[in-house]
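Hydrogens, waters and symmetry mates are skipped; everything else that's a heavy atom, side chains included, is used. Residues take their numbers from the sequence shown, with the count starting at 1.
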Amino acid sequence: MMRAFCLFVLLAFGQVVYGQALPRGAWKLNTADGNTVTMIIVDDYLVITEFSRERKLFGYTEGGTAALDGGHVVYTPEFNSRDSTQVGKVTRIPFSTGKGQLSFSYGPFKSWSLVDDAAGHAMAGVWHITERANGGVGPLVRIHQTGPRKTLKILSGTCFQWVAMNPAVKGFYGTGGGTYTAKDGKYTEHISFFSRDNSRVGAALSFNWSLENGKWDHSGKSSKGDPIHETWERVKP
């Protein structure tokens, strides 16, 4: 059933004008048992998550690279919290869209509703951490990644999600997300799901924020209360 659900979701990723990029933004739908499913698509990357904020329930998440090819979406998952055997498997799926909706005739759901189209939002994109201060204080030190393990933040115009993964071993190590605002020097996250600790659902975390020359400077206190100071940069599609 979940495999069919994942395939059904992927039908939605695209535009009716072939040769163009995937649409950017966030969409959502509600399941029959009251869960929310969100989908963020930015910079040739997509992530899907099922959760219930009200019940502080995390269901599952998956995501990876995606591109249009002749009226189909070519999707290659980098992580899947429920079924790691799907990581790396390339799937081609046809799609169709409507105004403010992603519509299709596969699976139990018929349409997704647009949350935001990411237009004009400087933070919309896929980000990876590149610098960190030791213990959250002092000078920023460049992070030299030598292996495939990584943590990404995927942001639309209003929604965010971070994911820790290792595609090489099909590893999924945690995720969290919800909605965010970034203005007047403050970046604030409102947590709707957290796979490791559901007690954090409903919390709002505010950080100092600046965006200069493509670098996102991020400082404040983590959800555990520890000081952090980091720099994030966009992952090029």
Side-chain angles (χ1 to χ4, degrees), residues 1-14 22-42 45-64 66 73 75 77-87 89 91 93 95-98 100-118 152-165 170-181 188-205 223:
M1 177 63 183
M2 181 51 64
R3 177 60 180 163
F5 170 76
C6 294
L7 287 174
F8 136 75
V9 167
L10 297 173
L11 290 172
F13 305 149
L22 288 167
R24 302 174 82 241
W27 291 262
K28 70 176 182 178
L29 57 80
N30 295 319
T31 67
D33 53 0
N35 292 344
T36 298
V37 183
T38 58
M39 176 171 61
I40 303 174
I41 307 174
V42 282
Y45 205 91
L46 65 91
V47 59
I48 307 157
T49 305
E50 181 178 352
F51 64 94
S52 171
R53 186 178 186 277
E54 293 74 16
R55 289 179 285 155
K56 298 186 177 182
L57 170 71
F58 168 73
Y60 101 109
T61 189
E62 70 166 276
V73 168
Y75 169 62
E78 288 196 311
F79 63 92
N80 187 310
S81 69
R82 185 167 285 176
D83 185 0
S84 63
T85 66
Q86 299 307 312
V87 173
K89 291 186 177 181
T91 307
I93 300 113
F95 66 93
S96 64
T97 64
Q101 299 285 321
L102 295 177
S103 302
F104 38 86
S105 57
Y106 185 94
F109 310 116
K110 301 305 178 184
S111 64
W112 297 69
S113 298
L114 181 67
V115 177
D116 71 76
D117 62 9
L152 299 181
K153 280 193 174 185
I154 304 100
L155 278 70
S156 70
T158 60
C159 299
F160 82 96
Q161 183 170 347
W162 64 266
V163 184
M165 72 185 89
K170 302 182 179 181
F172 167 78
Y173 307 119
T175 191
T179 60
Y180 80 95
T181 58
T188 303
E189 295 179 344
H190 300 271
I191 300 175
S192 297
F193 59 89
F194 201 111
S195 65
R196 297 172 180 169
D197 182 0
N198 66 0
S199 69
R200 300 181 192 176
V201 173
L205 302 176
S223 57

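- Counting non-hydrogen atoms of neighbouring residues, nucleotides and ligands closer than 6.0 angstrom, the NZ atom of Lys28 reaches no more than 12 such neighbours.
- Annotation: side chain of Lys153 is not in contact with side chain of Tyr180 (no heavy-atom distance under 4.5 Å).
- The line from CD1 of Ile191 to CG of Asn198 is 11.5 Å long, rounded to the nearest 0.5 Å.
- One N or O on the side chain of Thr61 and one on the backbone of Ile48 form a donor-acceptor pair closer than 3.5 Å.
- The side-chain heavy atoms of Phe193 and Thr36, taken from C-beta on, include no pair separated by under 4.5 Å.
- From Thr49, atom OG1 reaches atom CD of Gln161 across 3.5 Å, with rounding to the nearest 0.5 Å.
- Residues Met165 and Leu152 meet the side-chain proximity criterion, which asks for heavy atoms closer than 4.5 Å.
- Val115 has its side chain within reach of Cys159: a pair of non-hydrogen atoms, C-beta onward, lies under 4.5 Å apart.
- Between Arg55 and Asn35, some side-chain heavy-atom pair lies under the 4.5 Å cut-off.
- No donor-acceptor pair under 3.5 Å is formed between the side chain of Asn80 and the backbone N or O of Gln86.
- Using a 4.5 Å cut-off on side-chain heavy atoms (C-beta onward), Phe51 and Ser192 make contact.
- Annotation: side chain of Thr175 is in contact with side chain of Phe58 (closest heavy-atom distance under 4.5 Å).
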When you look at Asp83 and Tyr60, which way does the side-chain contact (heavy atoms from CB on, under 4.5 Å) test go after all the steps? CA-CA 9 Å; Asp83 185 0; Tyr60 101 109; over 6 Å; no
Go through it in stages, so that I can follow the logic: the residues are Glu189 and Trp162, the test is side-chain contact (heavy atoms from CB on, under 4.5 Å), and I'd like the CA-CA distance, side-chain angles, deciding distance and then a yes or no. CA-CA 11 Å; Glu189 295 179 344; Trp162 64 266; 5.7 Å; no
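- When all heavy atoms are compared, the tightest approach of Ser156 to Asp116 is OG-OD2, 2.9 Å.
- Inter-residue side-chain proximity for Thr188 and Leu205 is flagged as unmet; no heavy-atom pair is nearer than 4.5 Å.
- Taking every heavy atom of both residues into account, Phe160 and Leu155 meet most closely at CB-CG, 3.8 Å.
- Minimum interatomic distance between Val42 and Arg24 (heavy atoms only, all atoms of both residues): CG1-NH2, 4.3 Å.
- When all heavy atoms of Ser199 and Lys56 are compared, the pair lying nearest together is O-NZ, 4.4 Å.
- Aromatic ring pairs are classed by plane angle as parallel below 30°, tilted from 30° to 60° and perpendicular above 60°; the pair Phe79 and Tyr45 is parallel.
- Looking at Arg82, its side chain does come within 3.5 Å of a backbone N or O of Gly59 through a donor-acceptor pair.
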